[in-house]
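See structure below.
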Amino acid sequence: MENLKKIFSPELIEKQWYSYWLKKGYFRASSDSEKSPYTIVIPPPNVTGILTMGHVLNATIQDVLIRKSRMEGYEACWIPGTDHASIATEAKVMTMLQEKNIKKEDLTRNEFLNHAWDWKEKYGGIIIQQLKKLGCSCDWERESFTMDAEYSRAVLEAFVKLYEKGLIYRGHRLVNWCPVSQSAISDEEVIHKEMQGKLWTIRYPLNGEDGAIEVATTRPETMLGDTGVAVNPQDDRYKKYIGKTINLPLTNRVIPIVGDEFVDPEFGTGCVKVTPGHDPNDFEIGKRHNLDFINIMNPDASLNENVIDKYRNLSREKAREKILEELNDKGFLVNQKPYIHNVGFSERGSVPIEYYLSEQWYLKMKTLAEPALKVVEEGDINFHPSHWVKTYNHWMKNIKDWCISRQLIWGHQIPVWYKKGENSNLPENIHVSVNGPDDPENWEQDEDVLDTWASSWIWPFGVHDWPQKSRDLEAFYPTTVLVTGPDIIFFWVARMIMAGKEFMGEIPFKDVYFTSILRDEKGRKLSKSLGNSPDPLDLIDQYGADAIRFSILMISPQGMDVLFSPERMELGRNFMNKLWNAARFVKMNTSSLETIPELGEVEHEFQLPEKWITSRLHITIQNVNRHINNFRFNEAVKTIYDFTWSDYCDWMIEISKISLYGDDLNRKKCVQTVAVSILRQVLCLLHPFAPFITEELWHHFKTSDEGDIIKTPWPVHDKNKIDSDAEQTMTVLQEVITSVRSIRSSMGVSPGKKADLVIRVKDGFLAKNYEYIIKFLGGISSIQSGENISKPPNSATAVVKGMELFIPLEGLIDVNLEKERLEKRKQELTRHYESVQRTLKNKKFLEKAPPPVVENEKKKLEEMNLELEKLTSNLEMLN
RNA sequence: GGGCGCUUAGCUCAGUUGGUCAGAGCGCCGCCCUUACAAGGCGGAGGCCACAAGUUCAAGUCUUGUAGCGCCCACCA
């Protein structure tokens, strides 16, 4: 077998099979096909992104589903693509510009965009190449990018439709503001972190009379924007002040004291400084009491011209320092206490966000949410695991309007135009359309772009150039299943469902599978920003793509986070090597077969091992199907692993050696046929999980009229091949062999040395029929069996299902060791015997338990009893 | 403050609807370079399934409570 090396080397085969599949066009899906479609759209990774292990898990699952459905005869269509990721990409472009010493302010919009596209062409889409290395069988000719011309048109189309429906409006209010990207961000992009901060108490002197009010705050610098102080109107301490005013320290301003139910008298001092321009609660209070709204910050969160001179242009941090100093110097600072509170951080900028007054575009969500809630509620869309439904419902039911405008350039510019020089608040001065006004020279387009998620939310139909009606759209929408991480359930999944219902009138997918979140040893999410995600490409180089795919699935149970470490990939590598060598063995020992034989020719000659392994195979097929259908990929993989390693390699192949090395040609052919046939089925079952090695090996075992494994029919389980008699007998045989081996090992019989075996048993069927197997696998030279045989002197004993096994060990036997061994077994058995006995003495059990369960318990008791008797008598003989 | 999840062998975890002496991988111990595979083979040690109560003939599995850990959501200055 010169072409199959002893150790599997994935690097030698992966590349060539991938280009072969591509060349053959196997990944292509046609909307004209007669076959039923099976469609997945990839969650489009950021163009800026590189592959993480999270993507590997996610993509492997999709590839498993696609490859399996392709083998099952569906028109499998996996649509790949990337997301323009406006904030992330713009940040990268900014970094590049900085390196080139170019300032964004000096560039026109188009010049900036040109730089951005240059960057995208040069560095973007690395991740697509990486997905190919992993073996993903995407239809690459359908690759989409969220800023492709057609896709962009679809995005704008969606905006215009919603605007025309009255669901999109412009609002001047507080938004979450990221000072780094200097843009508004949505509520979902704000991450709350618990921080150790301080709570300062500041004295605000009353205006026109003696006395003062004390307020507590975590952000003293915002006092420069205070336009009021609020107390609870029920609070006897303070209600007398309502309607009066105070002199705001450090400024020359006089601001009113108002009564508002929002104030909790128990908290802090019971008085709240009100900064309507920089705090959402204060914003509401301000509106209720007609307070002024002062914006004291620039877009980068430094203080602006609305504050007194000496604080202008200071950063918010520096301003806080100075203000506290001055308050303290002037006697306004009463005290400061350590205080733990939540601070909102920008998802991308990783700095605290600011609440900032600005004009933004909003999408009304309530009406969109209703149908989306319904389809999940009624089971048109199913989540796996289902507990995510609660999270989804909770968010949907409390949904707030979505701020969809961003003060960025890279993205879809909002398709709204304002008449030059006119009041843009009047409807007649606003134009909204995909193509813009007929007289563009008189209009100015809105400068903002859309939130990235306001483009990716139409992904399942946007990739088919909606709203054009195409065959593709008809054939491949709705998609079959969505595979994604639970972290984007609000960002993306929920919004896609809303968009699907709104624009297509139909759900975008029937099932959603939420993958495990991968964490490092410290429990932190693997992410590129933390730098704790090993480079999957390195792991692929080290272990092979098949091994990585297989391992990551094996360690990722449904609905649970995974502690990832690179060493865990060894399990897959070892398995691939095992499979490789099993195939080598089969290949080496079946060269006498001229063609791959039909199973039917030899099936009538099946003996126990062949019947057994066939039965095991069909149970395996059944279970693999069940697990995949239930989205339990770890179980599916484990099932194949166990069958291949334990049943096929450890038992079937070992047993087959007897016939393969023997001279019974019929027997040999039968065993060869079965060995090949089972291996072929294993390769098919495994192909979706480990595509490269299975394709490679397949070509050693396929018939001349069969094609590549990627298009070979998926195995079908046949109930008639499940043979429980064979399985039971085989189990006993395995126990006999294991017992013999155990005795040998514990008595220190060297592996090379053959032993004799004496079996005392009523029914000698097993010992007679499978003597050759017991001898071969147990290292036994002769077997003697019968009902009235007496125990040979100096022999070690084991009891298996009514059989007493004796191995004469003359001289080798250590009586104490043997006693210990039997005692231990006896104790163990007695414990279980007593527990079963208790169960059977329980009248209620006998009355209420289903008869088969009762029967089973009785049988167990009987068998245990028999074994106990034999153990006891053998133990007595040792004394 | 609300919601969700987790707690099983030294480590990382499986265990789908309650019912075969509780499983795997890694690690550990012993023996083996046996002509498919030392990335391997054979044998073995190791667990009151977090704790408590309940439902049931029967609980790792269902219910409730307790403790610890983790995640998500929420405007208390």
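Proteins come first, then strands; the chains are lettered A, B, ... in the order of their sequence lines, and each starts at number 1.
- Across B:C21, B:C72, B:C75, the shortest atom-to-atom separation from the side chain of A:Phe262 is found for B:C75.
- The interatomic distance linking A:Ile488 (CD1) with B:C72 (C1') rounds to 15 Å, in whole Å.
- The nearest whole Å value for the distance from the CZ atom in A:Phe564 to the P atom in B:C26 is 17 Å.
- With distances taken from any side-chain atom of A:Arg741 to the nucleotides B:C42, B:C57, B:U16, the minimum falls on B:C42.
- Classified by interplanar angle (parallel below 30°, tilted 30° to 60°, perpendicular above 60°), the ring pair A:Tyr339/A:Phe267 is perpendicular.
- Closest to the A:Asn842 side chain, of the nucleotides B:C57, B:C6, B:A36, is B:C57.
- Of the candidates B:A14, B:G41, B:C4, the closest approach to any side-chain atom of A:Pro557 belongs to B:A14.
- Between A:Lys638 and B:A14, a side-chain N or O to OP1/OP2 separation shorter than 4.0 Å is absent.
- Not a single donor-acceptor contact under 3.5 angstrom links the side-chain atoms of A:Lys6 to the base of B:C37.
- Checking B:A14, B:A74, B:C76 against the side-chain heavy atoms of A:Asn342 singles out B:A74 as nearest.
- For the C1' atom pair drawn from B:A9 and B:A67, the interatomic distance equals 23 Å after rounding to whole Å.
- Residue A:Glu194 contributes atom CD, which lies 11 Å from atom P of B:C76 at whole-angstrom precision.
- Nearest approach of A:Glu857 to A:Leu840, heavy atoms of both residues: O-CD1, 3.7 Å.
- Using bins of under 30°, 30° to 60° and over 60° for the plane-to-plane angle, the ring pair A:Phe383/A:Tyr392 lands in the perpendicular bin.
- Two residues, A:Asn281 and A:Phe575, neighbour RNA chain B, and the one matched to the more 5' nucleotide by heavy-atom proximity is A:Phe575.
- In this entry the distance linking CD1 of A:Ile517 with P of B:C69 reads 20 Å, nearest Å.
- Atom name C1', nucleotides B:C13 and B:C33: the rounded distance is 33 Å, in whole Å.
- Among B:G19, B:C76, B:A36, the nucleotide with an atom closest to any side-chain atom of A:Pro850 is B:G19.
- As rounded to the nearest Å, B:U8 and B:U55 have P atoms that lie 27 Å from one another.
- The partner of B:A52 is B:U64, judged by Watson-Crick or G-U wobble contacts that both fall below 3.5 Å.
- In the set B:G19, B:A77, B:C37, the nucleotide with an atom closest to the side chain of A:Phe845 is B:G19.
- Residues from residues 820-841 of chain A lying near RNA chain B, meaning a heavy-atom separation below 4.0 Å, are A:Lys824, A:Arg825, A:His832 in numerical order.
- Rounded to whole angstrom, the span from the CG atom of A:Asp561 across to the P atom of B:C69 amounts to 17 Å.
- OP1 or OP2 of B:C21 lies within a sub-4.0 Å distance of a side-chain N or O belonging to A:Lys860.
- Not one side-chain nitrogen or oxygen of A:Tyr648 sits closer than 4.0 Å to the OP1 or OP2 atom of B:C37.
- When the C1' atom is used for both B:G43 and B:C6, the distance is 35 Å, rounded to whole Å.
- Remark: A:Lys657 is in phosphate contact with B:A36, judged by side-chain N or O atoms under 4.0 Å from OP1 or OP2.
- In the interface, the side chain of A:Glu654 is paired with the base of B:A36 through a donor and an acceptor atom under 3.5 Å apart.
- Between A:Leu571 atom CG and B:A14 atom P the separation is 14 Å, expressed in whole Å.
- In terms of position along RNA chain B, the nucleotide closest to A:Asn634 lies nearer the 5' end than the nucleotide closest to the other residue of the pair A:Asn634 and A:Asn574.
- Of the candidates B:A77, B:C31, B:A14, the closest approach to any side-chain atom of A:Thr218 belongs to B:A77.
- Between A:Thr275 and B:A77 there is no side-chain polar atom (N or O) within less than 4.0 angstrom of OP1 or OP2.
- Between A:Leu553 atom CG and B:G25 atom C1' the separation is 16 Å, expressed in whole Å.
- Within the structure, every side-chain polar atom (N or O) of A:Arg568 is placed at least 4.0 Å from both OP1 and OP2 of B:U12.
- Aromatic ring pairs are classed by plane angle as parallel below 30°, tilted from 30° to 60° and perpendicular above 60°; the pair A:Phe575 and A:Phe550 is parallel.
- Across all their heavy atoms, A:Val263 and A:Gly270 have their closest contact at CG1-O, 3.3 Å.
- Between A:Lys848 and the phosphate of B:C57, there is a side-chain N or O to OP1/OP2 separation shorter than 4.0 Å.
- Distances shown here put every side-chain N or O of A:Tyr392 at or beyond 4.0 Å from the OP1 or OP2 atom of B:C72.
- Ion pair A:Arg825/A:Glu867 flagged as a salt bridge, since at least one NZ, NE, NH1 or NH2 atom sits closer than 4.0 Å to an Asp/Glu carboxylate oxygen.
- Minimum atom distance to the side chain of A:Arg626 is reached by B:U16, of the listed B:C37, B:G41, B:U16.
- Set against B:A77, B:C72, B:G5, the side chain of A:Phe490 has B:C72 as its closest nucleotide.
- Pairing each heavy atom of A:Leu805 with each of A:Ser739, the nearest pair is CD1-CB, 3.9 Å.
- Taking the six-membered ring where the residue is Trp, A:Tyr641 and A:Trp645 present tilted rings, their angle falling between 30° and 60°.
- A salt bridge is absent between A:Glu863 and A:Lys860; no separation between the charged side-chain nitrogens and carboxylate oxygens falls under 4.0 Å.
- Phosphate contact (OP1/OP2 of B:C71, side-chain N/O of A:Lys525, threshold under 4.0 Å): absent.
- A salt bridge does not link A:Arg831 with A:Glu834: every distance from a Lys NZ or Arg NE/NH1/NH2 to an Asp or Glu carboxylate oxygen is 4.0 Å or more.
- An OP1 or OP2 oxygen of B:G41 is reached within less than 4.0 angstrom by no side-chain nitrogen or oxygen of A:Trp651.
- Across the protein-nucleic acid pair, A:Arg573 atom CZ and B:C26 atom P stand 11 Å apart, rounded to whole Å.
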